[in-house]
Each structure stands twice: as C-alpha cells, then as structure tokens.
Amino acid sequence: MIVLNTCHIREKAAEKVYSELGRLRRYKEHRANSGRPMLIAVAGCVAQAEGEEIVRRQPLVDLVVGPQTYHRLPEMVARVARREGRALAIDFAPEEKFDSLPQASSQKGPTAFLTIQEGCDKFCTFCVVPYTRGAEFSRPVTQIECEARRLVDAGASDITLLGQNVNAYRGEGPSGGAWSLADLLRLLANIDGLARLRYTTSHPRDMSDDLISAHRDLEILMPYLHLPVQAGSDRVLAAMNRQHTRDDYLRLVERVRRARADIALSSDFIVGFPGETEDDFNETLTLVRGVGYAQSFSFKYSVRPGTPAAASKKQIPDDVKDARLRALQALLSEQQNEFAKTCERRTMPILFEKPGNKRGQAIGRSPYLQVVHADDAETCIGEIRDVYIEQAMSNSLKGILVEHLKHRIAVH
Ligand code: SF4
C-alpha cells in the first residue's frame, strides 16, 4: 500500500499529486501483471480539497482520506480489500478523530507536539486552511491534559501545543465552560516533569490580555513567539483579510515585550501579494526594521486555487516577486544573525535532544528554539544543562557545557 500524504499549503500541490499518481499508476499496473496487488491512498489536505475528483482523474486510486478521518483508514482498507469498491472519507469530524487516538504514547525523545486545536475561521484571502481543515475546533481541556501527562511519562519535557490558529483555542473546561489558551497553559504548567511549553501558530487578533500575561507569569512558557504578520502595509493587510492593521500589530508587539522583555519573535511574510506596490513592500521592510525578528519564514505569493486572491487580476510578475523576496530575506537574515550574536558569551539552559555528527557531540535547543551544538555532551541527551555559548554560526550556536568550561579554566 502506498499513501500519498499531501499538504495543500505547498505550491501547485494538486498538480504534484496528479503527476505522482501518474508515475505510481505504471508501478501498480506492473505489480498487478505479476499477481502482486497494491493499494494507493491519497491522504491529507489535497485529498480533502479534491475529493472525488481524484478518483475521477486517476481511477487507480483506491482510497481518498481527508485530515479529519485518518482514524477510519483501517476500516476503509478492509472495505477495499473485500472488493467493495473505492473508499472516500472527507467529512469534517475532528472530535471523533481525537477520540480515536491511541492511549499508549509512541513518544520518543524529550520534545513533543500536541495538537490542541484545528481549523480556522479567519479566511485570509490567500489561504486554503479554512477550506481544507474546516471551522475552528478545540479539544477539551481534560483530554489535552491526559495526553500531556502521557507524553511527559514517556520522556517529553518540552511540549509544543499545536493548532492552525492555536491562540483562538476555546476548549471545554473540566467543569464545563470554555477555557482559553492561557487557562490551559496555566494548568499544564503544573505537570511534574514538564520543563518547557510553547505554542504555535498564533493570529495577532487572538493575542488576548490573559495570554500576554501568561508570558509574564509562567516561567515554563518559553520566550519565543511565532506571530505572523504577513505584510506591513495596511492596504495589503486589508486585501489579505488579515483583520488587523500594521499599527495593531506594532502595538501588540510592544505589549508582549512589556510582559516579557527577552521574548524572541518570529513571523511569516508573503511578498508580491496581488496588487502589492513598491510602496506597500517598503512598508513591510520598515515594519521588519521596527520589530526586529529573531527568525522568520518568507515566501513569494503563489496562487492557491479556490481562494479569493487567486482570482485577482492584479497578480505581480515573478521577477518583481523574486527581487522583493531577496531584499526581504537579506534584511531578515541580517536580523537573525544579529540576534544570534547577542547570544554569544551568554550561558543558556539547553535541552539536549539527539547526538550530533561528531563523536560525543550533542544537539539541543535554546529557550529561543535555536539549534545548539556542544562537544562531549552526549550523556546529557534528554536533560536541560547550562551551556556557555561560544560562537554564533549561520544557522546554529556552538557552546560548551558550563561544567566543562569550569574544568577548562581550572586547567589553564
Ligand atoms: S489565520 Fe492562518 S490558517 Fe487562518 S486563514 Fe489566515 S493564514 Fe490561514
């Protein structure tokens, strides 16, 4: 059985799936001719978006399963095996899916992800998520707490809470009523053995006062916040339907920094959104200069079929998008390097996750999510240890365990 697990966020996602299916078709036919049957399934957001169209265009596909119905996969495979025809499951039933999660944890290593929310109601005009993942759904608090405890029991000490719009979390509390993300974080902060909490991805509109206060009050909440702005011009933000202005965002950053002065920020950016002028783009650059990001993800706008922006007549030529992306990325990488430089000659608690390429070396994460390499630290994997940062490299930091540093100083 081959499962194509697809992501509709990727550029030309559907076309790539069809071309891959064309390739697999020959493989399946070849196997069938030699009496070795196989199943082909398409899963994920493209399956959700394309639905029956996939089977119509490529009849050799046996199963189409959307992101909310993975738990039905065994039953679907059984149906196909009983030759009951093709199976298609693309309805939105996130609650049912989470109820089907296995109780035993397959957690490996000290970091873990825990999905607490799915879907999005924001409808940014460039984004497919509201169409492929459906409306916002939050898992109940007790279910999340149980899963977090299982992850910690299995060795996790750094948990990232996940959601397409995670800070819109409104899950049912233990005695009814809706809990916010801040309420949930305060509860999880009390789990013995849990050392670090993070959450992603947030929408600026949903950064509530209580969530900002949680950054001030909870030491366990790491000082790193991914807060996508996408663009710096109000005209473009309105066309994107982002539901916040440039000024809203800048004031929000100020409030977050007032609550937690050392917080490192990251963002997503789209350049060349339909109708974006040179002046609009310059406003993105001035916003970036004003905020100062520790890390960022930037992309050229690319059409997502079915979204409102895809139908715009004001698409920007590719060479213009390329030039803007280069200029933005130069600025962002300058800021990322500057931030990394500020970490040199500092001691930071590093959670070691895995061995490095060199013998004895271990790789871990700083509170700001930077990758940190340290020699002679392999025995520290799974632990948080103080590391003196000696050098900022292009995409990581190089450090030495403080206990080794003391030894080095004593020898000299
Ligand atoms: S808030 Fe994020 S997930 Fe929701 S529509 Fe906008 S970009 Fe997509």
Side-chain angles (χ1 to χ4, degrees), residues 6-14 44-49 66-68 92 94 97 113-139 160-171 180-181 198-208 211 225-246 248-249 252-253 256 265-276 280 284 287-288 291 293 295-312 321 325 328:
T6 63
C7 172
H8 213 294
I9 298 278
R10 317 304 305 182
E11 195 173 2
K12 302 196 175 86
C45 300
V46 175
Q48 183 72 44
Q68 309 299 6
F92 287 115
K97 175 179 77 177
F113 294 102
L114 198 172
T115 299
I116 65 165
Q117 185 274 344
E118 282 204 345
C120 182
D121 297 343
K122 292 287 186 296
F123 288 91
C124 299
T125 55
F126 54 82
C127 181
V128 288
V129 167
Y131 309 100
T132 54
R133 289 304 182 99
E136 284 170 5
F137 166 80
S138 298
R139 295 176 69 192
T160 302
L161 306 179
L162 295 181
Q164 267 100 35
N165 193 9
V166 74
N167 57 346
Y169 177 84
R170 298 298 286 168
S180 67
L181 177 59
R198 309 173 187 274
Y199 61 91
T200 199
T201 294
S202 298
H203 190 284
R205 273 269 309 242
D206 295 315
M207 280 309 290
S208 57
L211 186 53
L225 177 62
H226 183 60
L227 194 61
V229 65
Q230 308 294 359
S233 133
D234 280 341
R235 231 177 50 80
V236 174
L237 288 170
M240 288 176 163
N241 189 32
R242 285 292 292 172
Q243 304 177 33
H244 63 80
T245 63
R246 168 194 179 95
D248 293 337
Y249 184 85
L252 175 59
V253 166
V256 172
L265 292 172
S266 76
S267 176
D268 297 331
F269 294 93
I270 293 174
V271 301
F273 186 77
E276 183 189 70
D280 291 324
T284 299
L287 180 134
V288 170
V291 174
Y293 289 96
Q295 208 187 340
S296 279
F297 306 90
S298 45
F299 311 90
K300 289 188 288 183
Y301 169 76
S302 65
V303 165
R304 294 291 178 274
T307 56
S312 170
K321 288 194 228 175
L325 187 64
L328 177 62

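These figures come from a predicted structure and were not determined experimentally. Position 1 is the first residue of the sequence, and the numbers go up from there. When a ligand or atom number is given, it counts from 1 through the structure's own listing order.
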For ligand 1, which atoms have a heavy atom of Cys124 less than 4.0 angstrom away?
1 (S), 5 (S), 6 (Fe), 7 (S)
Atoms of ligand 1 under 4.0 Å from any heavy atom of His203, numbered from 1 in the order shown, are 1 (S)
Fit a plane to each ring of Phe269 and Tyr293, take the angle between them on a 0 to 90° scale, and name the class: parallel (under 30°), tilted (30 to 60°) or perpendicular (over 60°).
perpendicular
Which of the ligand 1 atoms, numbered from 1, are nearer than 4.0 Å to a heavy atom of Pro130:
5 (S)
Atoms of ligand 1 under 4.0 Å from any heavy atom of Lys122, numbered from 1 in the order shown, are 1 (S), 4 (Fe)
With heavy atoms of Phe126 as the reference, note each atom of ligand 1 found under 4.0 Å away.
7 (S)
Relative to atom 4 (Fe) of ligand 1, which among Gly119, Cys120, Pro228 owns the nearest non-hydrogen atom?
Cys120
Distance filter under 4.0 Å to Phe123 heavy atoms, resulting ligand 1 atoms:
5 (S)
For atom 8 (Fe) of ligand 1, which protein heavy atom lies nearest, and how many Å away is it?
Cys127 SG, 2.3 Å
Is Arg242 close enough to touch ligand 1? Criterion: a residue heavy atom under 4.0 Å from a ligand atom.
yes
Would you check, one step at a time, whether the test salt bridge (Lys or Arg N to Asp or Glu O under 4.0 Å) holds for Asp280 with Arg235?
CA-CA 7 Å; Asp280 291 324; Arg235 231 177 50 80; 2.7 Å; yes
In ligand 1, which numbered atoms sit nearer than 4.0 Å to a non-hydrogen atom of Val129?
3 (S)
Is it true that Arg205 and Asp248 have a side-chain N and a carboxylate O under 4.0 angstrom from each other?
no
